[in-house]
Amino acid sequence: MFKRFLCTMLSCIFIFSSVCFANIKNPYYIKINRAKNFVSVYALDKNNEYTVNTKNFICSTGKDTPDGTFNTSNKYVWRALFGNVFGQYATRINGNILFHSVYYKKTDPSSLKTVEYNKLGQAVSMGCVRLTTADAKWIYDNCSLGTQVTIVN
């Protein structure tokens with residue numbers, strides 16, 4: 001009897017919370033233009049639409065950066081990348097595709113690969129979206145998990 005009551009109550013709570021929170025949107029929407037190697041962040045306007053251009057970042061994408069719409073799913077202060085290097089303030093876009101800083105030789109801020117920093121704005125990544133460390137940290141700090149990211153060519 002108690003189990004049935006508990007299951008009924010939990011079902012009611014789940015349905016109520018789904019209805020109440022279904023229309024809550026993330027504060028930001030991110031669009032990546034692969035052709036221009038440019039990231040635009042949009043905030044909600046008074047009509048609850050993502051039209052307020054809030055931030056713009058130069059980035060580096062690559063030939064393996066996929067087109068499509070995704071939702072961020074994980075965050076890492078430091079993340080191992082292909083080639084035995086590390087990205088700082090990584091946010092997972094989809095699969096192996098991340099936002100992250102220009103890469104570092106090790107998990108030490110003094111080991112930034114400056115030649116790669118100077119390539120921002122060019123399609124040179126292995127698929128991830130490289131940013132300055134400050135821009136990667138802004139996304140890490142301000143864009144909640146589940147933020148929608150659209151990548152277009």
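Numbers here are sequence positions counted from 1.
We find the CD1-CZ distance between Ile58 and Phe38 to be 8.0 Å, quoted to the nearest 0.5 Å. With rounding to the nearest 0.5 angstrom, the OG1 atom of Thr91 is 8.0 Å from the CG atom of Leu98. Note that NZ of Lys119 and OG1 of Thr114 are 10.5 Å apart. Values are rounded to the nearest 0.5 Å. The distance from the CG atom of Asn96 to the SG atom of Cys128 is 7.5 Å, given to the nearest 0.5 Å. To the nearest 0.5 Å, atoms OG (Ser40) and NZ (Lys36) are separated by 9.5 Å. We find the CD1-OG1 distance between Ile93 and Thr65 to be 8.0 Å, quoted to the nearest 0.5 Å.
A 4.5 Å side-chain heavy-atom check between Phe86 and His100 finds every atom pair outside the cut-off. A 4.5 Å side-chain heavy-atom check between Lys31 and Val152 finds at least one atom pair inside the cut-off. In this structure, the side chains of Tyr42 and Ile30 stay at 4.5 Å or more apart for every pair of heavy atoms. Two residues are said to be in side-chain contact when any heavy atoms from C-beta on lie closer than 4.5 Å; Ile151 and Phe70 meet this criterion. Between Arg92 and Arg79 the shortest side-chain heavy-atom distance falls below 4.5 Å. Between Leu120 and Asn118, every side-chain heavy-atom pair lies at or beyond the 4.5 Å cut-off. The closest side-chain heavy-atom distance from Leu131 to Ser101 is not below 4.5 Å.
Residues Asn26 and Ser144 approach most closely at OD1-OG, 2.6 Å, considering heavy atoms. Across all non-hydrogen atoms, the minimal contact from Leu44 to Lys25 is CD2-CD, 3.8 Å. Taking both residues in full, the closest heavy atoms of Cys59 and Val129 are given as CB-CG1, 3.8 Å, listed atom of the first, atom of the second, then distance. Listed here is the closest heavy atom pair of Leu112 and Val102: CD1-O, 3.7 Å.
Centroid-to-centroid, the aromatic rings of Tyr140 and Tyr89 come within less than 6.0 Å. Ring centroid separation for the pair Tyr28 and Trp138 comes in under the 6.0 Å cut-off.
When only modelled atom types and interatomic distance are considered, Arg130 and Tyr117 share no side-chain donor-acceptor pair under 3.5 Å. Between the side chains of Ser111 and Asp108, not a single donor N or O lies within less than 3.5 Å of an accepting N or O. For Asn53 and Asn56, the side-chain atoms include at least one donor-acceptor pair closer than 3.5 Å. Checking Thr150 against Tyr29 by side-chain atom types alone, a donor-acceptor pair falls below 3.5 Å. Side chains of Ser125 and Ser60: no donor on one and acceptor on the other come within 3.5 Å. The closest side-chain donor-acceptor pair between Tyr104 and Thr133 falls under 3.5 angstrom.
Without hydrogens or angle criteria, Lys105 side chain to Val85 main chain gives no donor-acceptor distance under 3.5 Å. The closest donor-acceptor contact from the side chain of Asp45 to the backbone of Glu49 lies under 3.5 Å. Although no hydrogens or angles enter the test, the distance criterion places no donor-acceptor pair under 3.5 Å between the side chain of Asn94 and the main chain of Ile97. The backbone N or O of Gly146 lies less than 3.5 Å from a partner atom in the side chain of Asn71, making a donor-acceptor pair. The backbone N or O of Val52 sits less than 3.5 Å from a side-chain atom of Thr54, completing a donor-acceptor pair.
Both the sub-6.0 Å distance and the 45° axial angle are not jointly satisfied by Lys113 relative to the ring of Tyr103.
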